Amino acid sequence: MATTSVHPVDEVLPVPKLAALGLQHVLVMYAGAVAVPLIVGRALNLTPDQVAFLISADLFCCGLITLIQSFGATQWFGIKLPVMMGVTFAAVAPMVAIAQANPGLDGARLIFGSVIGAGVISVIIAPAVSRMLRYFPPVVTGTIILIIGITLMRVGINWIFGNPFGPTAPTVVKPEHAQWLSSAAAAASAPGAAIAPMPADLSLAPKLPNPKYANLQGVGVALFVLIIILMITRLAKGFIANIAVLLGIIAGAIVAVAMGLMNFDKVDKAQWFDLVLPFHFGVPLFDPVMIITMTLVMIVVMIESTGMFLALGEMTGKNVDQPALARGLRTDGLGTLIGGIFNTFPYTSFSQNVGLVAVTGVKSRFVCVAAGVILLVLGLLPKMAALVESLPTVVLGGAGLVMFGMVAATGIRILGNVDFKTNRYNAMIVAVSIGVGMIPLVAPNFKQWMPHNLHPLIESGILLTSIAAVALNLFYNGAKGDGHDAVEAAKLADAH
């Protein structure tokens, strides 16, 4: 009987097994995939319907780009390995900065324009980036991933307690003070008034503690979600442990419904099926500085993807050569371009799914093809997106501490394998780079006297850390090394 020599990566499993294993990949990545549209959509102050659309668009693009990456499309795109594609957390900080400076649809159009521009540039520079590994040894990538986690942690904490500004700010203006100021303004504007009109930008300082901030009921729900996740990871094994965050969110949603904090009105109103159309929010706006900012993010993301692809090649026994790397990185860029067109964000390979390949031992790329089809279908079901959007932020906050904390922990894990004992410069690189990255978090107004065009470039701690770490590593260590260190670092990055 003749034997076939099909590589395990190219093996087509039976349809029921493909469906089950594909769903497993979707469940592992789902919580991380929907987090970014929730963060950015709410930072833009979009309506619940618009945020739900962002979630649908994100799931749809996750599926489409996963298909391109794992199945392949022409000789230029797709590394043809079991890779799941999702929105990168690395781009959240600059996108939230754009959103806060330009809330509403204009901010959304600016974000999508910068994503499209970065996607086009990324496709062009992908082959060159695949040769830049020596500039990104573990001391650099570990530091960058650590600051990404630290930056995102602020989002998770604000989900629990409330945002520093807006309806959930810690303090609000006393109603009697607001009433007095309104009366004074009316008196000053009356004909023949003895006092000057009120200045247009005059406002009262908030002094009254806001009952909506750090509400103990909401904090209790977030704590419950956190405890459930911790218990599952401690007591469960295998697949159940891998979806602990998703199960924690589901448990928190059940408690929130029981407490009257969550209802399904938006889900009832949402359609069962709807197409995700390009340019839903209007024609994108293109800002050169914001495009450069997003491109720098994509370079970091693609360097990380390079290490991930090489590590996956070792896990599956599939040779990943330079042309294959270029195809994979081009797909990161193409996915980002598609994301901007379809109203979503930059894309990269999800490392928790790479970890799942190692855990399960299933190497077939067609499992990820099946997962891509499932994600496509989920993206066409608005009721699913409305359900996610209906989750109270306190539920997401408990899970956010874990998700974003694990990103920081991944950076620490990579740095744990860096030589600090015989190379004293590495400690200096990490120390100064993290310090520089903390500036926008601790002193967000540090840039107020600098040229306004520079603001989008320097208000992201992630980008400042990236630039500082690369520059300091070149200064102290030079451009030594090859791809081996990046492979080892990628193997450690199983929760990002």
Side-chain angles (χ1 to χ4, degrees), residues 9-10 29 33 58 60-88 90-91 112-136 141 278 284 286 291-314 316 318-342 344-351 353-354 365-366 368-369 371-372 375-376 466 483 486-487 490 493 496:
V9 166
D10 300 315
M29 71 170 290
D58 177 36
F60 178 82
C61 288
C62 281
L64 179 59
I65 300 156
T66 295
L67 285 174
I68 295 171
Q69 188 71 280
S70 54
F71 188 75
T74 74
Q75 61 181 334
W76 304 105
F77 300 102
I79 198 166
K80 297 182 181 179
L81 287 172
V83 177
M84 294 296 296
M85 302 293 288
V87 174
T88 175
F112 300 140
S114 63
V115 170
I116 289 171
V120 172
I121 295 171
S122 299
V123 170
I124 295 169
I125 66 174
V129 172
S130 67
R131 296 181 175 87
M132 290 172 60
L133 275 178
R134 65 182 184 275
Y135 299 110
F136 289 81
T141 55
F286 299 95
I291 290 172
I292 292 170
T293 303
M294 204 64 71
T295 301
L296 289 174
V297 169
M298 284 304 299
I299 290 173
V300 174
V301 165
M302 288 195 291
I303 291 292
E304 203 180 325
S305 291
T306 299
M308 208 68 65
F309 294 148
L310 292 171
L312 195 55
E314 283 198 1
T316 58
K318 186 85 168 179
N319 180 44
V320 178
D321 54 14
Q322 198 72 35
L325 270 182
R327 288 199 308 273
L329 296 181
R330 274 197 206 97
T331 307
D332 275 11
L334 178 65
T336 300
L337 171 59
I338 291 171
I341 292 171
F342 281 91
T344 180
F345 315 110
Y347 283 84
T348 186
S349 56
F350 260 33
S351 55
N353 292 89
V354 174
R365 62 190 171 99
F366 290 98
C368 291
V369 171
L375 285 166
L376 272 175
S466 302
V487 174
H496 161 49

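Quick caveat, the model's predicted, so the values are computed rather than measured.
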- What distance separates Arg327 CZ from Trp76 CH2, expressed to the nearest 0.5 Å? 10.5 Å
- Rounded to the nearest 0.5 angstrom, the CD1-CE distance for Ile116 and Met294 is 11.5 Å
Can you list, pair by pair, the side-chain donor-acceptor contacts under 3.5 Å of residues 333-340, counting residues two or more places apart and other chains?
| residue | atom | partner | partner atom | Å |
| --- | --- | --- | --- | --- |
| Thr336 | OG1 | Asp332 | O | 2.9 |
| Thr336 | OG1 | Tyr347 | N | 3.3 |

- Distance col, row Leu67:CG vs Cys62:SG, nearest 0.5 angstrom, shows 11.0 Å
- Note on the structure: Output for pair (Met85 CE, Leu64 CG), nearest 0.5 Å, gives 10.5 Å
- Mind running side chain to side chain contact (heavy atoms under 4.5 Å, CB included) on Leu81 and Arg365 for me, showing each step along the way? CA-CA 5 Å; Leu81 287 172; Arg365 62 190 171 99; 5.6 Å; no
- Task: Step by step, work out the side chain to side chain contact (heavy atoms under 4.5 Å, CB included) result for Phe112 and Phe342.
- Result: CA-CA 9 Å; Phe112 300 140; Phe342 281 91; over 6 Å; no
- Message: What's the separation between atom CG in Leu375 and atom CZ in Phe60, rounded to the nearest 0.5 Å?
- Response: 11.0 Å
- Given side chains that start at C-beta, do those of Ser349 and Gln69 come closer than 4.5 Å, heavy atoms only? no
- Message: Under the criterion side chain to side chain contact (heavy atoms under 4.5 Å, CB included), I'd like the reasoning laid out for Val87 against Thr344: C-alpha separation, chi angles, the key distance, then a yes or no.
- Response: CA-CA 8 Å; Val87 174; Thr344 180; 4.1 Å; yes
- Interatomic distance, Thr295 atom OG1 to Met302 atom CE [nearest 0.5 angstrom]: 8.5 Å
- Query: Can you check whether Leu329 reaches Ser305 side chain to side chain, under 4.5 Å on heavy atoms?
  - Reply: yes
- Query: Is the backbone of Phe77 close enough, under 3.5 Å, to the side chain of Arg330 for a donor and an acceptor to pair up by distance?
  - Reply: no
